[in-house]
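What follows is one structure encoded as structure tokens, with my remarks underneath.
Atom set for the values below is all heavy atoms of this structure, side chains included, hydrogens, waters and symmetry mates excluded.
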Amino acid sequence: MIDVPEISAPTDWPAPDPLTLTDGTIALLNLQAQIDGLDGHSTSAEAASLIDLLILRGLILGRISDYERAAQLADRLVHHADTDAAAYVARARTRAVFHRFEEALDDLDHADRISPLTAAKRERAAILQALGHYHQAFVAYEAAADVGGQFERAAALAGFWAERGKTETAQRFYLQSLSSYRGVSPFPLAQLDFQLGVMWMRHERLNQARTCFEDAIRRVPAYAAAQGHLAEVEADLGNVEPALVRLYRLAVSSDDPDYAAQLARILSEMGRSEESAAWRRMAASRYDELTAAHPAAFADHAAEFWLGVGNDPLKGFRLAEFNLRNRQTPRAYELLAQALDAKTAGAASARCFGVQLTHRAAN
């Protein structure tokens with residue numbers, strides 16, 4: 001893996017002025033109205049817009065069904081508008097959502113042959129980052145910045161360095177993105193808050209993570225991933241009951257099994273075995289559905305579930321191995337190492353149990 005030299009945003013970047021943003025609840029209603037208005041779209045441009053809006057709603061509300069609908073629309077769009085570069089970029093975006101990265105890059109190559117688009121450059125950079133090709137991703141982000149705005153560049157690099165764990169650089173670009181933002185939608189900034197929160201979680205700096213997730217929720221109260229991660233942080237900080245309240249609501253409203261899995265884990269740790277088992281069964285069933293339909297997209301989270309409260313280390317190992325074949329990121333390597341440890345421990349436990357049974361039978 002080639003390391004990427006850090007670049008710096010201005011170290012003395014001024015604190016951003018308070019932003020005037022659309023209320024998050026109203027913004028979500030507006031998003032729904034836009035989606036409704038584009039149903040029955042008559043042009044390829046409208047279809048591409050609808051695809052983007054469905055992906056955004058899926059991201060905010062944790063609705064995998066929105067991603068699936070967007071993917072179906074994108075396939076139809078390419079079929080009917082196969083000479084439109086934007087159609088291939090739209091399909092690349094849906095394929096990237098489901099971690100079908102090589103197919104997504106093929107679509108972007110096809111789009112470039114028709115007509116190079118700025119959106120294709122940004123999408124390519126994000127895919128390369130997701131694959132763990134950080135040097136290529138960085139170069140692609142810089143190429144996209146040549147024709148993009150200051151906010152887009154700063155936001156992309158804030159997310160890039162947050163994933164790389166470079167906290168100071170990520171924070172500087174985050175402040176630059178806030179200072180350069182000229183929009184009124186709360187969604188882009190909530191996503192940045194969330195990315196920084198995940199960064200702090202991975203560094204086990206839970207109070208900073210909580211602040212970031214609370215900022216994301218303040219901007220967009222219905223942001224499911226931020227609510228779910230905040231619940232996880234709260235539970236780790238000992239505030240279990242508020243965490244459970246958040247997770248119960250998410251497990252009912254979202255078709256993503258992560259929230260049921262979190263509930264199962266926390267309830268198990270609290271000794272509430274029957275409740276934990278019910279949520280575990282629900283999560284297991286849904287993970288099985290999703291790994292059958294979209295294996296690359298859900299292998300990592302499903303592996304974490306089976307290695308943890310799902311209690312099937314061998315299944316977790318197979319999924320972690322599959323995940324690493326699809327994307328060579330530090331997190332994918334860490335997950336496989338965890339899976340190997342769990343698999344080895346499980347095999348040792350099984351051997352020990354077998355020895356005990358043999359000893360009992362002999363006596």
Side-chain angles (χ1 to χ4, degrees), residues 15-16 18-19 21-28 31 55-64 154-178 181 185-267 269 283 300-301 304-305 308 331:
L19 295 166
L21 302 175
T22 303
D23 174 81
T25 301
I26 294 174
L28 191 58
L31 175 61
I55 291 173
L56 176 58
R57 188 175 67 179
L59 174 73
I60 296 299
L61 297 182
R63 286 189 187 172
I64 297 164
L157 290 176
F160 176 84
W161 292 114
E163 182 176 322
R164 300 292 288 137
K166 306 297 185 181
T167 57
E168 291 186 9
T169 305
Q171 283 187 293
R172 289 199 296 271
F173 277 110
Y174 170 76
L175 289 175
Q176 183 181 346
S177 68
L178 293 183
Y181 189 60
S185 171
F187 298 132
L189 299 185
Q191 291 173 59
L192 279 175
D193 294 327
F194 175 75
Q195 289 173 329
L196 255 64
V198 171
M199 176 186 75
W200 290 127
M201 276 188 76
R202 290 175 179 166
H203 282 76
E204 298 184 356
R205 292 169 64 172
L206 299 184
N207 286 317
Q208 288 97 324
R210 177 170 58 185
T211 297
C212 290
F213 294 138
E214 287 174 342
D215 285 345
I217 292 166
R218 175 174 52 81
R219 299 190 202 278
V220 183
Y223 195 171
Q227 290 277 5
H229 279 67
L230 179 58
E232 188 174 349
V233 168
E234 291 284 15
D236 288 343
L237 289 171
N239 303 320
V240 177
E241 290 304 325
L244 291 177
V245 170
R246 292 182 191 278
L247 290 171
Y248 283 132
R249 185 168 58 245
L250 290 167
V252 171
S253 64
S254 171
D255 56 359
D256 188 327
D258 278 1
Y259 308 117
Q262 284 191 52
L263 276 173
R265 177 183 63 81
I266 294 170
L267 291 167
E269 291 170 355
D300 53 350
H301 285 204
E304 290 173 347
F305 169 74
R331 181 168 175 263

Quick check: do [X] and [Y] have side-chain heavy atoms less than 4.5 Å from each other?
X      : Y      : value
Leu21  : Tyr181 : yes
Val220 : Leu28  : no
Gln191 : Leu59  : yes
Leu267 : Leu244 : yes
Arg218 : Asp215 : yes
Leu192 : Leu178 : no
Met199 : Leu196 : yes
Pro186 : Thr22  : yes

Please name all residues satisfying salt bridge (Lys or Arg N to Asp or Glu O under 4.0 Å) with Asp258, sequence neighbours left out, ordered by chain then number.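 Salt bridge (Lys or Arg N to Asp or Glu O under 4.0 Å) check on Asp258 returns nothing, list empty.
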Test salt bridge (Lys or Arg N to Asp or Glu O under 4.0 Å) applied to Glu269 - qualifying residues, sequence neighbours left out: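 Only Arg265 meet the salt bridge (Lys or Arg N to Asp or Glu O under 4.0 Å) criterion with Glu269.
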If the condition is side chain to side chain donor-acceptor pair (under 3.5 Å), which residues does Asn239 pass it with, not counting sequence neighbours?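 Residues passing side chain to side chain donor-acceptor pair (under 3.5 Å) with Asn239: Glu234.
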In Å, rounded to the nearest 0.5 Å, how long is the span from [atom1] of [X] to [atom2] of [Y]?
X      : Y      : atom1 : atom2 : answer
Thr211 : Leu230 : OG1   : CG    : 9.5 Å
Arg246 : His229 : CZ    : NE2   : 13.5 Å
Thr169 : Arg164 : OG1   : CZ    : 11.5 Å
Ile55  : Arg63  : CD1   : CZ    : 15.0 Å
Leu61  : Leu56  : CG    : CG    : 9.0 Å
Thr167 : Arg202 : OG1   : CZ    : 13.5 Å

Which heavy atom of [X] sits nearest a heavy atom of [Y], and at what distance?
X      : Y      : result
Gly24  : Pro221 : CA-CD, 4.1 Å
Ala170 : Ala162 : CB-N, 3.6 Å
Ala260 : Ala283 : CB-CB, 4.0 Å
Gly228 : Leu250 : N-CD1, 3.5 Å
Ser177 : Ala155 : CB-N, 3.8 Å
Phe305 : Ala261 : CD1-CB, 3.7 Å

Short question: side chain of [X], backbone of [Y] - any donor-acceptor pair under 3.5 Å?
X      : Y      : answer
Ser253 : Arg249 : yes
Gln227 : Leu247 : no
Asp256 : Gly62  : no

Parallel, tilted or perpendicular, judged at 30° and 60°: which one describes the rings of Phe194 and Phe213?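 Ring orientation of Phe194 relative to Phe213: tilted.
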Apply side chain to side chain contact (heavy atoms under 4.5 Å, CB included) to His203 and Gln208, showing your working. CA-CA 10 Å; His203 282 76; Gln208 288 97 324; over 6 Å; no
Apply side chain to side chain contact (heavy atoms under 4.5 Å, CB included) to the pair Asn207 and Leu237, showing each step before the final yes or no. CA-CA 9 Å; Asn207 286 317; Leu237 289 171; 4.0 Å; yes
